[in-house]
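Quick notes on the structure that follows.
These values consider heavy atoms only, across backbone and side chains, with no hydrogens, waters or symmetry-generated copies.
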Amino acid sequence: MAESNYTKELQLQTIRQKLNADKIKLWLPPYTAADSNQGNIPEDLCEKYSNDLQIPITEIREVLEHLRQHALQKLAEREQFQKTGKAQLKVKASGLKENKERFSVCETVEIPLTQSGNDLRLVLAERLGLPAHHLKIICHGQVISMTKQLQEQNVKHGSQMMCLCLSVSEAEAAQKEDQLMQMMRTRQAAELLSSKVEKDDYDVNIQIADQSGRPLQLPPEEKKALTLAMTLHEKGRVAVKNREMNKALLLFLEADKEFRKCRADILNAVDNYAVLCLDIVWCYLCLQNVEELPDADERLKSSEECFIRSYGANLERVAAVKGESGTQLALYMKLHLLQGIVAFHHHRIAEAHSHLRKAEEELKRLQVDENKLSQVMIMGFGEREGRLGLRATGGDVTKAIQHIIEKRKEREEIEKKVKEERRMKKLQKDLGKTASGGRVTVSLYENLVGMGYGKGAAAAALRQTNNDLNQALEVLQLHPELLNLPDPETKSTKITDDMITQVAAMGFDTLMASRALHLFSGDVQRAIEELIQKAGVLPPSSDESSSSSSDSSVGSEAGPSQMSSSKAKEKQAIKDLVSDLPEDAEDYLDLTLQEEAQYLEEYLAKLNSVMSKNND
């Protein structure tokens, strides 16, 4: 934004506020003639405002006339909207030129709010000379649906909108089209992962924890929504690191949609949503759309409120829980930087000055001495660990190393606890249900196993007796045949072709060999013994029967091979999804702050220029 334009806009806002305070309506008599809309700005009003605001009278006169004309134009537009039903929308389009430089185009579009998002997209596509399917429109922080009416999506007359132009050249078009498809696949894979995490059916270390690192116990649906939101958020952060800002913003807004499905008290227990709001506004800034989007202010306010609840106004809470606050200070620095930039664009000079100076002080505290970082890295620690450790300890190398070691121990303990909880859940699932339909109590099962009973026998006894330990002991004594039951904990043992060949070599049918091996979890010797006792014939297992009935119910289009292929594709989709996600839960705190420092320097210079000019 040019300095002269900013100064004019600041004058406009200052004089507009003065008019509002004095309750002066320039579009009404005596300032505007009722019959001809001709203007009549009194000279004494111009002199008064010039003296009060310390602005030259010629500029006061010019601004007042501009505001009067603007008010009349707004009234005319509103009347036109009421007559024709066509709303005027202000759209700022951001994208790439052929030479890869950023461009920004502002358009005013007239369109009935009863039309769909796609109708608006077609109008913009024609104006911009771009393929319609390469445009994404955002209003009030939400991606506009192509199928719904605009009025259903909170679009109103005069709404300000943002249009992401994902491509310009034909060569880039194919690539960007693939990018759009990739984002759709990302969401589908994230939904699949969240469904499996909801059922504890996938071995991925997805943790939803509070500020102290304790896992939160959540209802299945909220756990699913949070997992989906957090996964989309992390994929968006990967896109930011790759400088794919358009893609990142779309993923962030998808994550925002999922976070909003959760109860407020759940979101208050974690800082994820606050960080997401920061990331969304950061994208606005990188895409040069901070001043045009009113929800930037709202999102930063939400972030600040959440940080204060989670960390304390001066990070005192996080210091009490974690023993340090240096790492979270990076989030406050980014928050204050963005608050200052947004306030500057909204001409709130004093507020912008306060926030940017805070960010400047915090940045100084967060700066890491490269020599000290090298000393930590020489000890065998990574750059990220070293940077976070030095920030947490105020730049003390010895304390930073100790901090890193303690953090590693904490992560190991959390991972150990999570693995144990997952093992217990899986074991309880493997143990099956009791006669009354409840789950077998794992602690009672482990007690029986500790007494020397076989795992299969212990599980069977507890299932029969509905978890009554004394009755289970009686059953085990009265029914010694239970001692030969297979181990329920090794159901998932893979049965190889080599195992089946070994059993079949004794003269048994390959299908019966497979059943016996599954029954005894791959134990070849016990499988052979069982087949000898049963004259080589075993009935199908319950899993096999249910699988057969499921296969037959879907007809020839989805046989076992197709089902196996589908599961393989699901597994690969999830693998691709999590392949580039960070393993460390504190990865989001590792901000190098290089770009933040550049923006801070740029906006401090702009602010100082405006303030010095005002003082003159």
Which is it for Tyr445 and Asn467 under the side-chain hydrogen bond (donor to acceptor under 3.5 Å, both in side chains) test, yes or no, and what are the steps along the way?
-> CA-CA 9 Å; Tyr445 164 78; Asn467 289 319; over 6 Å; no

Side chain to side chain contact (heavy atoms under 4.5 Å, CB included) between Phe259 and Leu232: does it pass, once the steps are laid out?
-> CA-CA 10 Å; Phe259 271 122; Leu232 291 169; over 6 Å; no

Evaluate the criterion side-chain hydrogen bond (donor to acceptor under 3.5 Å, both in side chains) for residue pair Gln142 and Asp295; output intermediate values, then yes/no.
-> CA-CA 10 Å; Gln142 302 293 321; Asp295 76 315; over 6 Å; no

Step by step, would you call Lys261 with Glu258 a salt bridge (charged side-chain N to carboxylate O under 4.0 Å, His left out)?
-> CA-CA 5 Å; Lys261 294 178 181 178; Glu258 296 303 320; 3.2 Å; yes

Test side chain to side chain contact (heavy atoms under 4.5 Å, CB included) applied to Gln402 and Glu406, step by step | CA-CA 6 Å; Gln402 184 60 36; Glu406 290 173 359; 3.4 Å; yes

Can you check side chain to side chain contact (heavy atoms under 4.5 Å, CB included) on Asp279 and Lys334, steps first, answer last?
-> CA-CA 10 Å; Asp279 287 336; Lys334 194 165 187 174; 4.2 Å; yes

Can you check side-chain hydrogen bond (donor to acceptor under 3.5 Å, both in side chains) on Asp498 and Gln502, steps first, answer last?
-> CA-CA 6 Å; Asp498 185 52; Gln502 289 182 57; 3.3 Å; yes

Verify side chain to side chain contact (heavy atoms under 4.5 Å, CB included) between Thr434 and Leu462, making sure each step is shown before the conclusion.
-> CA-CA 7 Å; Thr434 64; Leu462 289 170; 5.9 Å; no

Where do Glu383 and Arg387 land on the salt bridge (charged side-chain N to carboxylate O under 4.0 Å, His left out) test, with the steps shown first?
-> CA-CA 6 Å; Glu383 181 181 350; Arg387 184 162 41 243; 3.0 Å; yes

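How far CD of Glu385 is from CD1 of Ile405: 10.0 Å, rounded to the nearest 0.5 Å. Taking CZ of Arg515 as the start and CG of Leu511 as the end, the distance is 4.5 Å to the nearest 0.5 Å. One finds the OG atom of Ser374 at 13.5 Å from the CE atom of Met379 (value rounded to the nearest 0.5 Å). Taking NE2 from His403 and NZ from Lys399, the interatomic distance works out to 12.5 Å, rounded to the nearest 0.5 Å. Interatomic distance, Asn272 CG to Cys277 SG, rounded to the nearest 0.5 Å: 11.0 Å. To the nearest 0.5 Å, atom CG of residue Leu469 and atom CD of residue Glu474 are 10.5 Å apart.
Taking all atoms of both residues into account, the shortest heavy-atom contact from Ile495 to Leu517 is CD1-O, 3.6 Å. Between Leu278 and Leu335, the shortest heavy-atom distance links the atoms CD2-CA, 3.7 Å. The shortest non-hydrogen separation linking Ala274 to Ser303 is O-OG, 2.7 Å. Here the shortest heavy-atom pairing between Val503 and Ala527 reads CG2-CB, 4.4 Å. Looking at every heavy atom in both residues, Ala330 comes nearest to Leu366 through CA-CD1, 3.6 Å. Glu595 approaches Arg243 most closely through the heavy-atom pair OE1-NH1, 3.1 Å.
Ion pairing between a basic and an acidic side chain is recognised when a charged N comes within 4.0 Å of a carboxylate O; Lys417 and Glu420 show no such pairing. For the pair Glu412 and Arg408, the salt-bridge criterion is not met [side-chain N within less than 4.0 Å of a carboxylate O]. No salt bridge links Glu529 with Arg526; every basic N to acidic carboxylate O contact stays at or beyond 4.0 Å.
In this structure, His479 contributes its side chain and Val475 its backbone to no donor-acceptor pair below 3.5 Å. The backbone N or O of Val440 sits less than 3.5 Å from a side-chain atom of Gln428, completing a donor-acceptor pair. No side-chain donor-acceptor contact under 3.5 Å links Glu362 to the backbone of Leu329. When atom types are taken as modelled, the side chain of Ser514 and the backbone of Thr510 share no donor-acceptor pair closer than 3.5 angstrom. Within the 3.5 Å criterion, the main-chain N or O of Gly395 finds a donor-acceptor partner in the side chain of Lys372. Put simply, the side chain of Asn466 gets close to the backbone of Ser436: a donor and an acceptor are under 3.5 Å apart.
The shortest side-chain heavy-atom distance between Leu338 and Tyr284 does not fall under the 4.5 Å cut-off. Inter-residue side-chain proximity for His233 and Leu251 is flagged as unmet; no heavy-atom pair is nearer than 4.5 Å. For the pair Arg391 and Leu593, the minimum side-chain heavy-atom distance is below 4.5 Å. Counting heavy atoms from C-beta outward, Ile144 and Lys136 have side chains that stay 4.5 Å or more apart. Between Tyr273 and Arg260 the shortest side-chain heavy-atom distance falls below 4.5 Å. Using a 4.5 Å heavy-atom threshold, the side chains of Arg237 and Val275 count as touching. Glu446 places a side-chain heavy atom less than 4.5 Å from the side chain of Leu427. Under the 4.5 Å side-chain criterion, counting only non-hydrogen atoms from C-beta, Phe520 is not in contact with Ile528.
More than 12 heavy-atom neighbours from other residues, nucleotides or ligands sit within 6.0 angstrom of CE on Met424. Enclosure of atom CE in Met377 by more than 12 non-hydrogen atoms of other residues, nucleotides or ligands within 6.0 angstrom is indicated.
For the residue pair Ser443 / Thr441, no side-chain donor-acceptor distance below 3.5 Å is found, with atom types taken as modelled.
When each of Arg299, Glu305, Glu298 is checked for a side chain to side chain contact (heavy atoms under 4.5 Å, CB included) with Lys301, only Glu305 meets the rule.
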